[in-house]
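Some notes on the structure that comes next.
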Number of protein chains: 2
Amino acid sequence: MQVATAPQDVLAHLRQWLDTAGAARLPPERTLAERLGTSRGEVRKALAVLEAEGRVWRHVGKGTFATLGATTGAPATRADPVAELARATSPPEAMEARLILEPEIARRAALRATAVQVAELRRLSAAMRAAASWPDYEELDFRFHELIADAAGNRLLLEVERLVNGVRRAVVWGHLARRPQGPSPDYHSFDEHDAIVDAIATRDRRGAFEAMRRHLDSTARALEEDAE
Amino acid sequence: MQVATAPQDVLAHLRQWLDTAGAARLPPERTLAERLGTSRGEVRKALAVLEAEGRVWRHVGKGTFATLGATTGAPATRADPVAELARATSPPEAMEARLILEPEIARRAALRATAVQVAELRRLSAAMRAAASWPDYEELDFRFHELIADAAGNRLLLEVERLVNGVRRAVVWGHLARRPQGPSPDYHSFDEHDAIVDAIATRDRRGAFEAMRRHLDSTARALEEDAE
DNA sequence: GACGCTGGATTGGTCAACCAATCTGTCGCG
DNA sequence: CGCGACAGATTGGTTGACCAATCCAGCGTC
C-alpha cells in the first residue's frame, strides 16, 4: 500500500537523490513509482527532464544511470545544498538537529493535523511494516516525518524539516541499502511510529512530543550500536 | 503527411518555433505530431522539458502557450529559495520556528562556545547598542544569532539557523526600515542579548536556553503590539 | 438584439498493455 | 571444468484508448 506524493515533488525528489546517493544506477522506473506512491508516467516525465539536462542516462534493458563527473549541462549546475551540507555533517550532528526539531513539530502537529493527514499517517505507518526492502522503508519513513511537519501547519518548519531530514538521509545512506531483506517484523520503529500517530490523532500534544522524542532516541541508540 | 523527424530534433524544432514564431499559442499536440511526422508521445516528451524550463504553459482544454515576457535566459531562473519561502511565511510562523530552534541552539552554544566566540558576541552586543539605524541594528542582530549557532558546533544546525533567520529577516523587513532613527537606548533586546552572552560565557546551559527564550518571547510580543 | 444554456468538438492528461533490448541463471556439450 | 547457447526475468520505450477540462457554435428565451 502506498500514499501519493505530490506530482511536482517527484522531480525535486529525484534531483536530491542524484545529488546525495552514491550509487550510479537508479532503481527501475516501476520501483521508483511504487516507492514514491505515484505512477510510472510521472516518474518517466521527471526522468525525461533530467535526461534532457544530461543528468541521467537511460537505456532499455540496462536501466537508468546518473551521469558521472561534471554534469556540464546547459543549466547552471547549481549544487544541491543538501548534498553539500551532507558532506559536512556527521551522523550525530544530524541526529542532534532532529532531536531539537521533530518533537516540537510533532507537538504542533497534534494541535493542527487534519483528519485526512492523520489517515495518511496511518497508511504510511502500515506501509512501513510491509516494506520489502530498506530503501522502500527509508522512503516511507522520510515521507512519514515530512507529513508530520506538513501537518504542523508552518511552511517554514516544513522546509526546515526537509532540509534536516534530507541531510540525515544522505548521511546515513548506504548503511541500510546493502542489507538483503527489509526490516524485521519487530523493528522497534514500527510501534514508535504508531504511538506518534495515536498521540496526534487524540490531540495529545505532550504525548506526541514524548513519542517523537522516544522514537528518535531509540533510533539514535540503534545507530550507535550498529556502528560497533 | 510528413517525413519522419529525428526524435531528438523535436525539442530543437519546438525551441526554434518558440524563438521565432510570434504566436503565443502552439498548435495542438496531435497536430504537431502529424506535422513533424512523429508520435504524440514524442511531442509530449519535448513539451514536458519546455514546461519544466518554464518556457511553455499548458492547460487541458485550452492548449499550450508560450510563456510571455522575457524568457529570462537559459534555465528555469529559480529565485532565491529564501526569498521564495519568505513570501509563503507569515511573521508568526517565522517566530514559531525561531522559538523552537534558538533556545536549544543557545543551550549547546553554552557548552561548546570558544572564548573567541564569546568575545565576538560581546562586541556584537555592544555594537547593537550603538547602532544608528534600524537596518544597521538588524544586520548586527542577524550576525549575533548566527554566531551563536556557529558556536553550537553543529554545521547542520548553523545552516538551519541561517535559513530560519534569513526568512525571518525577509518577512519582517520593512517594518523597521522606515523608522527614522535607530532603536532607543532602552530597547528591550539590549539587556536580553547581554543576558544570553553572560549565560553562554559562564557555561550556564539552562540559563542560556531561558535567556534566549525570554528574548524571543519579548520580541514576539513587541511584534504583536506593534501591529496594533 | 442580448443573454444564457446546451451539446458536441477540441485539447492536454492519464493509464494499462504491449514491445524490444538487455541481463542472468541454467543446462548441455566438449 | 570451461564455455556457449538458450529461456525467462528485468527494464526502458511506445502505443492506443480513454478521461476531464475547456471551448464554441447553435439555439431558445425574453
Side-chain angles (χ1 to χ4, degrees), chain A residues 1-15 17-18 21 23-68 131-136 139 177-178 180-182, chain B residues 1-15 17-18 21 23-68:
Chain A
M1 163 174 34
Q2 292 288 334
V3 180
T5 296
Q8 91 230 41
D9 286 341
V10 176
L11 218 185
H13 207 283
L14 291 178
R15 277 218 162 84
W17 194 96
L18 285 178
R25 176 174 185 174
L26 279 75
E29 296 175 350
R30 293 165 176 86
T31 304
L32 280 174
E34 189 185 2
R35 196 175 288 170
L36 295 178
T38 183
S39 69
R40 192 181 159 208
E42 287 293 335
V43 172
R44 283 187 57 76
K45 190 158 54 177
L47 286 175
V49 174
L50 293 174
E51 187 178 31
E53 291 177 357
R55 301 205 47 177
V56 300
W57 186 83
R58 300 194 275 183
H59 202 301
V60 45
K62 302 177 81 167
T64 305
F65 301 84
T67 303
L68 300 179
S133 70
W134 278 105
D136 281 349
E139 177 60 35
R178 56 196 64 191
Q181 70 268 39
Chain B
M1 203 49 182
Q2 290 280 337
V3 181
T5 300
Q8 90 227 49
D9 286 341
V10 176
L11 218 184
H13 205 282
L14 291 178
R15 278 218 160 84
W17 194 97
L18 285 177
R25 177 173 183 176
L26 280 76
E29 296 175 350
R30 293 166 175 84
T31 305
L32 279 174
E34 190 184 1
R35 195 174 293 172
L36 297 179
T38 182
S39 70
R40 191 183 161 210
E42 286 294 334
V43 173
R44 283 187 57 75
K45 189 158 57 177
L47 285 175
V49 173
L50 292 173
E51 186 180 32
E53 291 176 358
R55 300 205 48 176
V56 299
W57 186 81
R58 299 194 275 182
H59 202 302
V60 47
K62 303 177 81 166
T64 305
F65 301 84
T67 303
L68 299 179

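Throughout, a chain's letter reflects where its sequence line sits, starting with A, and its residues are numbered from 1. Computed from a predicted model, the values in this text were never measured in an experiment.
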May I ask you to test the A:T38-A:L32 pair for a side-chain heavy-atom distance under 4.5 Å?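 Counting from C-beta outward, A:T38 and A:L32 never come under 4.5 Å.
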
Do B:W17 and B:L26 touch side chain to side chain, with heavy atoms closer than 4.5 Å?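 In short, these two side chains touch, coming nearer than 4.5 Å.
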
Output the rounded distance in Å from [atom1] ([X]) to [atom2] ([N]).
X     : N      : atom1 : atom2 : answer
A:L50 : D:dG12 : CG    : P     : 14 Å
A:W57 : C:dA21 : CH2   : P     : 15 Å
A:E34 : C:dC15 : CD    : C1'   : 16 Å
B:E42 : D:dT15 : CD    : C1'   : 11 Å

Flag the pair B:E53 and B:R15 as a salt bridge only when some basic side-chain nitrogen lies within less than 4.0 angstrom of an acidic carboxylate oxygen.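 Answer for the salt bridge query: yes.
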
Polar atom pairs between nucleotides 10-12 of chain C and protein, under 3.5 Å, N or O only, would you list them?
from, atom 1, to, atom 2, distance (Å)
C:dT11, O2, B:G61, N, 3.3
C:dG12, OP1, B:T64, N, 3.4
C:dG12, OP1, B:T64, OG1, 3.2
C:dG12, OP2, B:E29, N, 2.8
C:dG12, N7, B:R30, NH1, 2.9
C:dG12, N7, B:R40, NH2, 3.2
C:dG12, O6, B:R30, NH2, 3.0

Can you list everything that forms a salt bridge (charged side-chain N to carboxylate O under 4.0 Å, His left out) with B:R25? Sequence neighbours excluded, please.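 Listed in chain order: nothing, the list is empty.
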
Could you list the residues that satisfy salt bridge (charged side-chain N to carboxylate O under 4.0 Å, His left out) with A:R40, not counting sequence neighbours?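 Scan of A:R40 (salt bridge (charged side-chain N to carboxylate O under 4.0 Å, His left out), adjacent residues dropped) gives A:E29.
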
Distance below 4.0 Å between B:S39 side-chain N/O and D:dT14 OP1 or OP2: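 Answer no for this pair, as no side-chain N or O of B:S39 is under 4.0 Å from OP1 or OP2.
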
Under a 3.5 Å distance rule, please check whether B:T67 uses its side chain to pair with a backbone N or O of B:G54 as donor and acceptor.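 Such a contact is found between B:T67 side chain and B:G54 backbone.
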
Please write out the pairs of protein N or O atoms and N or O atoms of nucleotides 6-9 of chain C separated by less than 3.5 Å, giving the distance to one decimal.
none

Name all residues meeting the side-chain contact (heavy atoms from CB on, under 4.5 Å) criterion together with A:A52; count only those two or more places apart in sequence or in a different chain, and write none if there are none.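 Expected list: B:V49.
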
Under the side-chain contact (heavy atoms from CB on, under 4.5 Å) test, which residues partner A:T31, sequence neighbours left out?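 side-chain contact (heavy atoms from CB on, under 4.5 Å) check on A:T31 returns A:P27, A:P28, A:R35.
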
